[in-house]
Amino acid sequence: MLIAIDGPSASGKGTIARKLADHFKLPYLDTGLLYRWVALNLKQQNKAADDVASATKAAIHLRQHIKTISFDDPDLRSHAISQPSSQVAAMPEVRRELVELQQSFAGQAGGAVLDGRDIGTVIAPHAKIKLFITASAEKRAERRFKELQNKGETTTYDAVLTDLQARDARDETRTTAPSKIAADAVKLDTSDLNVDEAFQAALKIVNSQRNT
Ligand code: DC
């Protein structure tokens with residue numbers, strides 16, 4: 001049972017993916033963390049986010065050491081890493097290094113849940129179950145702002161909204177694996193849904209796709 005989930009940031013896709021993985025007892029991969037890891041690695045080496053050679057080197061390191069690398073560093077999900085992660089994710093050289101490990105995660109015998117931007121289109125186009133989770137930019141910015149506030153980060157709603165729109169634009173217009181809905185994915189707009197309602201709606205979609 002392979003569940004492919006895509007959608008923009010703060011659409012609720014991560015929460016839905018985690019809950020679906022719990023529900024169906026499947027392993028879960030948040031693929032955004034891979035690009036975030038590359039971006040954080042560059043920052044820690046004082047390299048610029050547009051340094052393709054260093055980003056590719058970091059992606060190769062990630063690919064080679066994926067089994068021992070930890071994704072627990074809270075900085076990975078910080079606001080400061082969001083833009084640079086979108087920059088490295090736009091590099092074909094970086095994406096190329098990270099395709100295989102995502103495909104092998106998706107190919108596990110018992111199945112898996114993956115979320116990202118290109119899961120239904122590039123990583124697992126053959127997946128029978130595909131969801132595209134979305135919400136208005138304002139709702140997503142509101143959620144992300146609250147999340148960052150709870151983590152003690154100092155930022156403003158406007159800064160979060162601007163950042164999110166810039167990231168959406170970059171993710172959607174890049175030439176390699178742009179963020180887009182797969183032709184056979186079902187779209188779920190979570191703008192007016194709470195966490196439980198969104199999960200129930202996603203579960204309904206999964207169960208109907210499973211049986212077709
Ligand atoms: O989902 P996120 O915000 O953690 O993702 C971080 C960045 O990585 C985001 O700008 C989009 C990019 N990304 C991607 O290009 N492909 C994926 N499969 C997952 C994330």
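For reference, positions follow the sequence shown, starting with 1. Numbering of ligands and ligand atoms starts at 1, following listing order.
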Notebook entry, point to check: Does ligand 1 have a heavy atom under 4.0 Å from the side chain of Arg174, from its backbone, from both, or from neither?
Noted result: side chain
For [atom], what's the nearest protein heavy-atom neighbour? Residue, atom name and distance, please.
{"atom": "atom 16 (N) of ligand 1", "value": "Arg95 NH2, 3.0 Å"}
{"atom": "atom 4 (O) of ligand 1", "value": "Arg36 NE, 2.7 Å"}
{"atom": "atom 17 (C) of ligand 1", "value": "Arg117 N, 3.4 Å"}
{"atom": "atom 5 (O) of ligand 1", "value": "Gly32 CA, 3.6 Å"}
{"atom": "atom 11 (C) of ligand 1", "value": "Asp171 OD2, 3.3 Å"}
{"atom": "atom 19 (C) of ligand 1", "value": "Thr31 OG1, 3.4 Å"}
{"atom": "atom 8 (O) of ligand 1", "value": "Tyr35 CB, 3.7 Å"}
{"atom": "atom 7 (C) of ligand 1", "value": "Ser85 OG, 3.4 Å"}

Checklist line | Atoms of ligand 1 close to Gly116 [distance to a heavy atom under 4.0 angstrom, numbered from 1] | finding: 17 (C), 18 (N), 19 (C)
Notebook entry, point to check: Mind checking whether Lys13 has a heavy atom under 4.0 Å from ligand 1?
Noted result: yes
Note to self: Under 4.0 Å, counting heavy atoms only: does Arg170 come that close to any atom of ligand 1?
What the structure shows: no
Note to self: Are Thr15 and Phe199 packed together at the side-chain level, in the sense that at least one heavy-atom pair is separated by less than 4.5 angstrom?
What the structure shows: no
Next item on the list: Measure the shortest side-chain to side-chain distance between Pro8 and Thr134 over non-hydrogen atoms and say whether it is less than 4.5 angstrom.
Entry: yes
Check: Checking side-chain contact (heavy atoms from CB on, under 4.5 Å) for the pair Ile3/Val206: CA distance, chi angles, key distance, verdict?
Finding: CA-CA 8 Å; Ile3 305 180; Val206 169; 4.1 Å; yes
Checklist line | Candidate list Asp168, Asp171, Asp6, Asp30, test salt bridge (Lys or Arg N to Asp or Glu O under 4.0 Å), partner Arg117, passing option | finding: Asp171
Margin query: Does this structure show an ion pair linking Arg18 with Asp22, if we count only N-O contacts that are shorter than 4.0 Å?
Written below: no
Next item on the list: Identify whether the distance between the nearest side-chain nitrogen and carboxylate oxygen of Arg144 and Glu147 falls below 4.0 Å.
Entry: yes
